[in-house]
Trainee: 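Below is one structure. I have some questions about it.
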Amino acid sequence: MTRKATRWEGQSLDALMARWDRASIQLFSKIDSTSTRAAKLAEEGAPAGTIVLANEQTAGRGTESRSWHSPAGAGLFLSIVFRPKQLANPTLIPLLAGLGVARAVERVLGGSGVAIKWPNDLIVSDRKAGGVLSEASWSGEEPNYVVVGIGVNVHQRSSDFPPALRDVAVSLDMAAGRRLSRLDLADLVIRGVEEGCVDLPDTLDREFLREFDAYDWLRDRRCYIQMPDGSSVQGTAVGIAPDGALLYRPDRGALERVTSGRVVVEDLPAPDF
């Protein structure tokens with residue numbers, strides 16, 4: 001069931017459009033997925049910068065088709081349409097957007113403990129607090145549009161998470177020990193994501209790599225990587241390459257790189273992390 005809304009966090013649609021300098025915003029009290037809706041709008045010609053924002057998602061999506069827990073009023077669930085002129089390396093998008101989200105969350109929390117787990121998970125206090133999902137559409141070899149979806153746990157208590165997630169998930173309120181503002185977070189997230197994704201580079205520059213390194217949750221952790229073909233490798237993560245690949249040192253052999261796969265840290269719970 002999809003239900004449109006006229007307000008979010010006490011702000012009218014017109015107020016949000018002025019606040020975020022938007023020509024197009026759609027608000028929903030309930031929707032299956034903000035990214036699904038944003039992609040449909042993009043196919044219909046919605047301009048770059050279009051935002052879809054929901055109070056609740058019934059079919060929020062994470063990576064590898066996993067569901068994203070999106071209960072009513074508990075988190076920040078939004079998607080943004082981008083129309084890049086070129087898209088030489090789509091794998092950079094979740095890293096660029098993720099850094100913007102991490103900066104925003106760190107400012108809202110007013111402290112450290114915020115990190116990024118390659119390629120697209122937001123980590124707070126060693127637990128998953130959010131994620132970024134990017135989806136691109138192509139016209140031949142030219143990019144048609146990109147939708148960047150962001151989900152951040154904000155108001156949940158531990159008991160609000162499904163039992164399987166309680167040991168691995170956290171909300172910003174839980175980390176801060178106080179109730180935070182979804183509106184303030186949205187302000188910073190939208191700005192941070194757009195700073196990284198409006199002009200997409202072909203490779204990551206040294207400044208980005210240095211900053212990402214400070215947020216790199218996997219750095220120097222022992223982990224195993226589940227590859228798309230079902231195989232797995234064990235080793236130690238050592239950073240990311242300029243093209244966005246994860247660098248890791250296997251238990252035996254030389255430094256290697258991974259461009260896709262699921263990374264599981266050996267000493268932490270694995271389910272859906």
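From a predicted model like this one, the values you see are computed outputs, not experimental measurements.
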Trainee: If the condition is side chain to side chain donor-acceptor pair (under 3.5 Å), which residues does W8 pass it with, not counting sequence neighbours?
Mentor: none
Trainee: Closer than 3.5 angstrom, by distance alone: can the side chain of S33 be matched with the main-chain N or O of S35 as a donor-acceptor pair?
Mentor: yes
Trainee: Hey, what do you get for NZ (K30) to CD (Q57), rounding to the nearest 0.5 Å?
Mentor: 12.5 Å
Trainee: If you count every heavy atom of other residues, nucleotides or ligands that lies below 6.0 Å from R107 atom CZ, does the total exceed 12?
Mentor: no
Trainee: Can you sort out the partners of I51 under side chain to side chain contact (heavy atoms under 4.5 Å, CB included), two or more places apart, ordered by chain and number?
Mentor: W20, R22, I25, L53, I80, I190
Trainee: Kindly list each side-chain donor-acceptor pair under 3.5 angstrom involving residues 137-148, sequence neighbours excluded, with atom names and distances?
Mentor:
from	atom 1	to	atom 2	distance (Å)
Y145	OH	E43	OE2	2.9

Trainee: Any chance you could measure T34, atom OG1, to L78, atom CG, to the nearest 0.5 Å?
Mentor: 6.5 Å
Trainee: Determine the minimum heavy-atom distance between P47 and T50, stating which atoms define it.
Mentor: O-OG1, 2.7 Å
Trainee: Kindly indicate whether the side chain of T259, heavy atoms from C-beta on, has any atom under 4.5 Å from the side chain of T91.
Mentor: no
Trainee: Could you report the tightest heavy-atom contact between F77 and V152, atom names first, then the distance?
Mentor: CE2-O, 4.4 Å
Trainee: Quick one: does any side-chain atom of D32 pair with a main-chain N or O of A59 as donor and acceptor, under 3.5 Å?
Mentor: no
Trainee: Using the salt bridge (charged side-chain N to carboxylate O under 4.0 Å, His left out) criterion, which residues pair with D199? Sequence neighbours excluded.
Mentor: none
Trainee: Report the residues that fulfil salt bridge (charged side-chain N to carboxylate O under 4.0 Å, His left out) with K4, sequence neighbours left out, ordered by chain and then residue number.
Mentor: none
Trainee: Do any N or O atoms from the side chain of R166 and from the backbone of F161 form a donor-acceptor pair under 3.5 angstrom?
Mentor: yes
Trainee: Could you walk me through whether N89 and L200 pass side-chain contact (heavy atoms from CB on, under 4.5 Å), step by step?
Mentor: CA-CA 8 Å; N89 190 352; L200 293 167; over 6 Å; no
Trainee: Can E44 and K40 be said to form a salt bridge (Lys or Arg N to Asp or Glu O under 4.0 Å), step by step?
Mentor: CA-CA 6 Å; E44 295 170 351; K40 183 176 186 297; 2.6 Å; yes
Trainee: Between CG of D251 and OG1 of T236, what distance do you get to the nearest 0.5 Å?
Mentor: 6.5 Å
Trainee: For a quick test of your reading: what N or O donor-acceptor pairs under 3.5 Å do the side chains of residues 96-103 make, sequence neighbours left out?
Mentor:
from	atom 1	to	atom 2	distance (Å)
R103	NE	E211	OE2	2.8
R103	NH2	E211	OE1	2.8

Trainee: Using 0.5 Å steps for rounding, measure from the CZ atom of R19 to the CG atom of D187.
Mentor: 4.0 Å
Trainee: Hydrophobic clustering (ILVMFWY, side-chain heavy atoms < 4.5 Å, transitive) - are I93 and F208 grouped together?
Mentor: yes
Trainee: According to a hydrophobic-cluster definition based on side-chain heavy atoms being under 4.5 Å apart (Ile, Leu, Val, Met, Phe, Trp, Tyr only), do V198 and V81 belong together?
Mentor: no
Trainee: Quick one: does E9's side chain have a donor or acceptor within less than 3.5 Å of a partner on Q11's backbone?
Mentor: no
Trainee: Compute whether any side-chain donor of one residue and acceptor of the other, for R3 and N55, lie under 3.5 angstrom apart.
Mentor: no
Trainee: Can you get from L122 to F212 by hopping between Ile, Leu, Val, Met, Phe, Trp and Tyr side chains that sit under 4.5 Å apart?
Mentor: yes
Trainee: Give a yes or no on whether L204 and I116 share a hydrophobic cluster (residues Ile, Leu, Val, Met, Phe, Trp, Tyr; joining criterion: side-chain heavy atoms under 4.5 Å apart).
Mentor: yes
Trainee: Could you please spell out the steps behind the side-chain hydrogen bond (donor to acceptor under 3.5 Å, both in side chains) verdict for D229 and S231?
Mentor: CA-CA 6 Å; D229 63 4; S231 63; 2.6 Å; yes
Trainee: Are P242 and L209 packed together at the side-chain level, in the sense that at least one heavy-atom pair is separated by less than 4.5 angstrom?
Mentor: yes
Trainee: Say you draw a straight line from CZ of R262 to CH2 of W118; how long is it, rounded to the nearest 0.5 Å?
Mentor: 12.5 Å
Trainee: Just by modelled atom types, is the K128 backbone N or O under 3.5 Å from a matching donor or acceptor in the K117 side chain?
Mentor: no
Trainee: Among residues at least two apart in sequence or on other chains, which ones pass side chain to side chain donor-acceptor pair (under 3.5 Å) with E56?
Mentor: none
Trainee: In the hydrophobic clustering (ILVMFWY, side-chain contacts below 4.5 Å, transitive), which residues join I31, or is it alone?
Mentor: F28, L41, V52
Trainee: From L87 CG over to L92 CG, what is the distance, rounded to the nearest 0.5 angstrom?
Mentor: 9.0 Å
Trainee: If you draw a 6.0 Å radius around CG in D21, do more than 12 non-hydrogen atoms from other residues or ligands fall strictly inside?
Mentor: no
Trainee: If I compare all heavy atoms of S79 with all of A38, which pair ends up nearest, and what's the gap?
Mentor: CB-CB, 3.9 Å
Trainee: Within the side chain of R157, is there an N or O that forms a donor-acceptor pair under 3.5 Å with the backbone of D160?
Mentor: no
Trainee: Which atoms form the tightest heavy-atom contact between V114 and E106, and what is the distance?
Mentor: CG2-CA, 3.9 Å
Trainee: Near E207 CD, under 6.0 Å, is it more than 12 heavy atoms from other residues, nucleotides or ligands?
Mentor: no
Trainee: Apart from L255 itself, what residues make up its hydrophobic cluster when side-chain heavy atoms of I, L, V, M, F, W and Y under 4.5 Å apart count as a link, directly or indirectly?
Mentor: V238, L247
Trainee: Name all residues meeting the side chain to side chain contact (heavy atoms under 4.5 Å, CB included) criterion together with A5; count only those two or more places apart in sequence or in a different chain, and write none if there are none.
Mentor: L27, S29
Trainee: Should V263 and W217 count as side-chain neighbours, where that means a heavy-atom distance under 4.5 Å?
Mentor: no
Trainee: With a 4.5 Å heavy-atom cut-off, do R37 and T2 have their side chains touching?
Mentor: no
Trainee: Search all heavy atoms of G239 against all heavy atoms of L246 and return the closest pair with its distance.
Mentor: O-CD1, 3.6 Å
Trainee: Anything under 3.5 Å between a donor and an acceptor, one on a side chain of residues 168-176, the other on a protein residue two or more places apart or in another chain? List them.
Mentor:
from	atom 1	to	atom 2	distance (Å)
S171	OG	Q156	O	2.6
S171	OG	M174	N	3.1
D173	OD1	L180	N	2.9
D173	OD2	H155	ND1	2.7

Trainee: Assess the residue pair I123 and Y215 against the criterion (side-chain contact (heavy atoms from CB on, under 4.5 Å)); give the C-alpha distance rounded to whole Å, side-chain angles, the decisive distance to 0.1 Å, and a yes or no.
Mentor: CA-CA 9 Å; I123 305 296; Y215 288 96; over 6 Å; no
Trainee: Using the test salt bridge (charged side-chain N to carboxylate O under 4.0 Å, His left out), find all partners of D213 that sit at least two apart in sequence or belong to another chain.
Mentor: R219
